[in-house]
Amino acid sequence: MDKSYSSTTESDIYQSWEKSGAFTPKIDKSKKPYSIILPLPNANDPMHMGHALFTIQDILIRYHRMLGEPTLWLPGGDHAGIETQFVFEKKLQKDGKSRFDFDRQTLYSLIWDFVEKNRTLNQFQMKKLGFSMDWSRYHYSLESPIVDNVLATFRKLYDDGLIYRDEKIVNYCTFCGTAFSNLEVVHKNVDSHLWYIKYGPLTVATTRPETMLGDTAIAVNPKDERYKKLIGQKILLPLVNREIPVIGEESVDIEFGTGAVKVTPSHSPEDYDMAKKHDLEFIRIFDYDGKSNQNVPEKYRGLFPNQIRQLVIDDLTTAGLMEKIEDYSHEVGHCYRCGRPIEPITAPQWYIKMESLAKPAIAAAKNGDVKFFPSRFKKTYIDWMENIRDWNISRQIVWGPQIPVWYCLDCNPQIKINFLDKDKNIVSGFYKNIKDKYSIEEIKSGLQSLVAPVDASFVVDKFDNCPKCHSGALIQETDTFDTWFLSGQWPINTLGFNPKDSSKSSPDFSYFYPTTVMDTLWDILFFWVARMIMFGLYLTKDVPFKTVHLHSRVVDSKGQKMSKSKGNVIDPLVMTEKYGTDALRMSLVYGIAPASDFVVSEDKIRAHRNFVNKIWNASRFVLMIIERFQEKNPNLKIAPLSQGGVSEERGGLNDDDKNILNNLNKIIISTTSDINRYHFGQASENLYQFFWHDFCDVYIEKAKDRGEDVVPVLLTVLINSLKLLHPIVPFVTESVYQIFKDIVHLEEPQLITASWPKAIKLK
RNA sequence: GAAUCUGUAGCUCAGUUGGUUAGAGCGCUUCAUUGACAUUGAAGAGGUCACAGGUUCGAGUCCUGUCAGAUUCACCA
């Protein structure tokens, strides 16, 4: 053995595991399976420390594999809709291009190629980190069987009356060109102003003066004596010179501002609700590109909100209508992806009714069909589920499966179409206005996007001709699914669920579903975990996993979240190169409380590199003693003590032997229970303490003064320690095991599939 | 506005259902070591466990309040 442990053998060891078939479970109906579906990483993204935390799953998987259970860890990769398109668009921007330069088919295939180039990278990286995943069951989210199932789910939801279109106010990012769900909006505090604007006889206070061009009412509290008599009257909207009514609305706070609120139903969620209640007019002044449209006076057209804001403020001031301006800070929604302010805008979108889906998902948490670890997340989950809102599943991007709905253009001439004509010029207009100039083929081949009116008729299956008017001008909805709509069905679809006839699902599905544990970061509890539970129950009548284990995020030694902008990112693969994979893995779990932040620093990794080396060198010492013994007794078989008990015939045990075997038994019991309870930090700490101090510093030091009678106990403690440590530090332990296997008698061919230790009976 | 979490050694954090002198890593001090390992060993300094009450034979651990920090959710102009 070399003088110190070298991690250069890691890839050989990994390959030998893979070749031996250890990662691929055999379905054995007499045994209970253990299964984990990997939270599918973005296929396009290199691994960061967050991904390195899959180590937790690997520990569970390796432990259960050693317990002899058929153990499946199913890996995958996500196309990651908006994330990937965003990254790709940034790349386009560098080349001086944008998404508007391409029709959607071309753009889609460009992104496809872009992802394919990178897709194998993180598979390679996961192998580097030692993850014992079953690569024969790897799935990519855009594989056609997966996508087919996702579309079938849409169809089922539609048939069950759970899908509807509506033109509500949505969170729209004009830069990304798509709507988002509430979860994807980041609220940030912004220092701004409160503008007091004179509207005829009263004054309103607003944080968004630019939206006044779309005002369709003024709201006051009916109890407010100041304005009571104005309710029902009409007021002339400044700058626009349009008459708008004064309405009475209880939700208006008399104390705030002037007690009078301008109402812009198309660009404010609260105003939208008010308008629905009071049957007000909706005037949308911003289009989906973020610029103002025909609904505003000419001088304000074609401008972005901030440009109009300045113009409006100037004009109001000139007209003497700006009463005062106060400093004011408030929460403004921002796009989680590009960071720009979200424009609330009314737009037709696709929704899922959530109430009936949430109900069984709440029950599953309450009755323990799904358990949460740590348990406090159960409350968070139930609170969210009980207040759930309908889910906007449509995204106006190209990267992802399109919603499987077709419109007949002849039945719906009001559909607005954006496309590139044969000369690559952008054409935009209602179908009725462009149908005479362009053929349906030209429109389809250059299609970028379409916007169908909220009441447009559609069919959910693909027909060659319109079932109603028999026109051949059918065109598919250009909206794609929210990524989570697909990944929410991931456990079902990767295991081979058959949506048409669940009894014809694959053997994997019937054996491994529901899976045992879902381990993921708590920040996608609502995005992902909740949706998987709802979809699982809706489609299969069974939860997708029995336990949710939520872990926390990786932070630096100062407790700060790692991010590129802070410059505190530690690249797990660089650490792997520098200190070995085992050192990284150990440092990720060592001393970490369940579900608290993971503190990672290079110092810590270095410290555990030392520990890994300690394992190596202690083994080297044991080997040396054994070889010395073998020289004297060349014919004697050397093997660890059997778990059945210690034979006194070998010359008996002295107090040191009994002591270390007692401690070994204790550590076997505590490690087993710690892993069962997800206390990996505790398990690793105890193992560290036992191996380094009890075994090396005490027992081995004393053994130096003894004869060869130490060999059986020495070997027993070492081999059992290797087994206990294997889930956490798989490479060094397997590597030592293989060396020993050639020299002493070890029954099991490799450590990865060796049996988990049990306490040894002492007489 | 609502909810949750955290506050233990210079730094980063453990401490399982309350039980004898509160632990680890890094850092610091002193010493040892050509024999598995300088990626080592031995010894040591350093904490009124945020604060104030309470329950208990006994509280870092349970309860209440205060202070400080963090996070999540939420349509307030």
Side-chain angles (χ1 to χ4, degrees), chain A residues 1-5 169 171 182-183 185-187 194-197 204-209 211 218-219 249 251-253 255-264 268-274 328 330-331 333 344 374 376-377 379-380 383-384 387 389 522-523 525-526 552-553 555-561 579-580 583 586-587 589-625 670 673-674 676-686 688-689 692-693 696-698 700-701 703-704:
Chain A
M1 285 175 83
D2 292 338
K3 211 171 171 189
S4 61
Y5 173 65
I169 198 134
N171 307 298
N182 289 334
L183 286 173
V185 176
V186 185
H187 292 91
L194 202 52
W195 286 271
Y196 287 75
I197 306 169
V204 299
T206 181
T207 54
R208 297 204 61 191
T211 62
I218 293 169
E249 167 60 42
S251 65
V252 174
D253 184 351
E255 305 294 322
F256 188 91
T258 61
V261 190
K262 63 192 261 326
V263 183
T264 319
S268 154
E270 310 86 64
D271 297 1
Y272 175 86
D273 292 342
M274 237 183 259
Y328 185 67
H330 64 135
E331 297 276 313
R376 64 186 150 92
F377 285 109
K379 182 177 161 43
T380 314
D383 283 352
W384 185 77
N387 296 301
R389 294 187 203 179
W522 53 258
D523 69 351
L525 177 63
F526 305 140
S552 202
R553 53 176 43 135
V555 297
D556 70 6
S557 58
K558 288 171 192 145
Q560 304 240 311
K561 192 188 163 187
Y579 302 106
M586 183 80 179
S587 70
V589 293
Y590 185 89
I592 297 296
S596 66
D597 285 347
F598 289 79
V599 181
V600 177
S601 64
E602 197 162 339
D603 278 348
K604 195 173 171 186
I605 299 169
R606 197 181 300 121
H608 288 106
R609 186 265 320 264
N610 296 357
F611 176 65
V612 168
N613 192 55
K614 190 75 182 178
I615 298 174
W616 179 263
N617 270 296
S619 308
R620 198 154 79 103
F621 175 79
V622 174
L623 189 70
M624 196 184 77
I625 302 284
S670 73
S673 97
D674 282 336
N676 283 336
R677 295 181 306 141
Y678 308 110
H679 284 53
F680 309 107
Q682 195 65 54
S684 55
E685 239 178 294
N686 291 342
Y688 182 101
Q689 174 71 25
W692 198 315
H693 302 297
C696 295
D697 293 348
V698 179
I700 288 186
E701 285 307 317
K704 285 177 180 172

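As the structure is a prediction and not an experimental result, all values here were calculated from the model.
- Between B/rU4 and B/rU64, the distance separating the two P atoms is 11 Å to the nearest Å.
- Heavy atoms of A/His330 sit under 4.0 angstrom from primed sugar atoms or phosphate atoms, though from no base atom.
- Nucleotides B/rA50 and B/rC31 place their C1' atoms 38 Å apart, quoted to the nearest Å.
- Rounded to whole Å, atom C1' of B/rA38 lies 19 Å from atom CZ of A/Phe611.
- Looking at residues two or more places apart in sequence or on another chain, you find a side chain to side chain donor-acceptor pair (under 3.5 Å) between A/Asp603 and A/Arg606.
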Protein and nucleotides 41-47 of chain B: nitrogen or oxygen contacts under 3.5 angstrom:
unit_1, atom_1, unit_2, atom_2, d
B/rG41, OP1, A/Trp692, NE1, 2.0

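- No contact: A/Thr380 has no heavy atom under 4.0 Å from any strand.
- Each of B/rU72, B/rA14, B/rC76 was ranked by its minimum atom distance to the side chain of A/Phe526; first place goes to B/rU72.
- One interatomic measurement links the two molecules: CG of A/Asp383 to P of B/rC5, which rounds to 12 Å at whole-angstrom precision.
- The residue A/Val612 sits apart from the nucleic acid: no heavy atom pair falls under 4.0 Å.
- B/rC13 atom P lies 18 Å from atom NE2 of A/His679, rounded to whole Å.
- Across all strands shown, B/rC75 forms no Watson-Crick or G-U wobble pair with both key distances under 3.5 Å.
- Mapping A/Asn613 and A/Ala260 onto RNA chain B by nearest heavy atom places A/Asn613 closer to the 5' end of the strand.
- For A/Trp616 (side chain) and A/Met1 (main-chain N/O), no donor-acceptor pair under 3.5 Å exists by modelled atom type.
- As a whole-Å value, the separation of A/Asn617 CG from B/rU40 P is 10 Å.
- Shown here, B/rU34 forms no base pair; nothing in the strands shown gives a Watson-Crick or G-U wobble contact with both key distances under 3.5 Å.
- Here A/Asn182 pairs with A/Asn171 under the side chain to side chain donor-acceptor pair (under 3.5 Å) rule; sequence neighbours left out.
- Of the candidate nucleotides B/rA74, B/rA36, B/rC75, B/rA74 has the atom lying nearest to any side-chain atom of A/Glu331.
- One C1' atom belongs to B/rG15, the other to B/rA9, and the distance between them is 14 Å to the nearest Å.
- With a cut-off of 3.5 Å on both pairing distances, the Watson-Crick or G-U wobble partner of B/rU4 is B/rA70.
- With B/rA36, B/rC76, B/rU72 as the candidates, the nucleotide lying closest to the side chain of A/Glu270 is B/rC76.
- The partner of B/rA24, taking Watson-Crick or G-U wobble pairs whose two distances both stay under 3.5 Å, is B/rU12.
- Qualifying salt bridge (Lys or Arg N to Asp or Glu O under 4.0 Å) partners for A/Arg376, counting only residues two or more places apart in sequence or in other chains: none.
- To the nearest angstrom, P of B/rU71 lies 21 Å from NZ of A/Lys379.
- In this entry B/rC62 has B/rG54 as its Watson-Crick or G-U wobble partner, both defining distances falling under 3.5 Å.
- Annotation: B/rG47 and B/rG23 have their C1' atoms spaced 11 Å apart (nearest Å).
- The distance from atom OH of A/Tyr5 to atom P of B/rU39 is 18 Å, rounded to the nearest whole Å.
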List the steps and the verdict of side chain to side chain contact (heavy atoms under 4.5 Å, CB included) for A/Asn686 and A/Gln689.
CA-CA 5 Å; A/Asn686 291 342; A/Gln689 174 71 25; 5.6 Å; no
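- Residue-level contact check: A/Trp522 touches the backbone only, with heavy atoms under 4.0 Å from sugar-phosphate atoms and none from bases.
- Remark: A/Arg389 pairs with no residue by the side chain to side chain donor-acceptor pair (under 3.5 Å) rule, at least two apart or across chains.
- Checked against side chain to side chain contact (heavy atoms under 4.5 Å, CB included), A/Ala205 has the following partners two or more places apart in sequence or in another chain: A/Leu194, A/Tyr196.
- In this structure, A/Ala618 reaches the bases: a heavy-atom distance under 4.0 Å links it to at least one base atom across the strands shown.
- Look at the C1' atom in both B/rG25 and B/rG46: the space between them is 15 Å, to the nearest Å.
- Between the NZ atom of A/Lys604 and the C1' atom of B/rC11 there is a distance of 13 Å, rounded to whole Å.
- Distance, A/Tyr590 OH to B/rG15 C1': 12 Å, rounded to whole Å.
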Check against side chain to side chain contact (heavy atoms under 4.5 Å, CB included), A/Arg553 and A/Trp522:
CA-CA 8 Å; A/Arg553 53 176 43 135; A/Trp522 53 258; 4.2 Å; yes
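- Summary of the strand contacts: A/Asn182 and A/Gly259 both lie near RNA chain B, and taking for each the nucleotide with the nearest heavy atom, the more 5' one is attributed to A/Asn182.
- A donor-acceptor contact under 3.5 Å is formed by the side chain of A/Arg677 with the base of B/rU16.
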If you apply the rule side chain to side chain contact (heavy atoms under 4.5 Å, CB included), what do you find for A/Tyr688 with A/His608, and how did you get there?
CA-CA 9 Å; A/Tyr688 182 101; A/His608 288 106; 4.1 Å; yes
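- Distances were taken from every side-chain heavy atom of A/Lys704 (C-beta onward) to each of B/rA14, B/rA36, B/rC76; the shortest belongs to B/rA36.
- Separation of the C1' atoms belonging to B/rU12 and B/rA52 is 29 Å when rounded to the nearest angstrom.
- For A/Asn610, taking side-chain heavy atoms from C-beta onward, the closest of the listed nucleotides B/rA24, B/rU39, B/rA36 is B/rU39.
- Across all strands shown, B/rC49 forms no Watson-Crick or G-U wobble pair with both key distances under 3.5 Å.
- Counting only heavy atoms from C-beta on, A/Ala607 has its side chain closest to B/rC26 among B/rA74, B/rA36, B/rC26.
- Taking 4.0 angstrom as the limit, A/Arg376 places none of its side-chain polar atoms (N or O) nearer than this to OP1 or OP2 of B/rU4.
- A/Tyr328 comes within contact range of the sugar-phosphate backbone alone, with a heavy-atom separation under 4.0 Å but no base atom that close.
- The nucleotide whose nearest atom lies closest to any side-chain atom of A/Arg389 is, among B/rC75, B/rC73, B/rA14, B/rC75.
- Without hydrogens or angle criteria, A/Lys604 side chain to A/Tyr590 main chain gives a donor-acceptor distance under 3.5 Å.
- Using P as the reference atom, B/rU6 and B/rU17 are 13 Å apart when rounded to the nearest Å.
- Note on A/Ile625: nothing from the nucleic acid sits closer than 4.0 angstrom, heavy atoms only.
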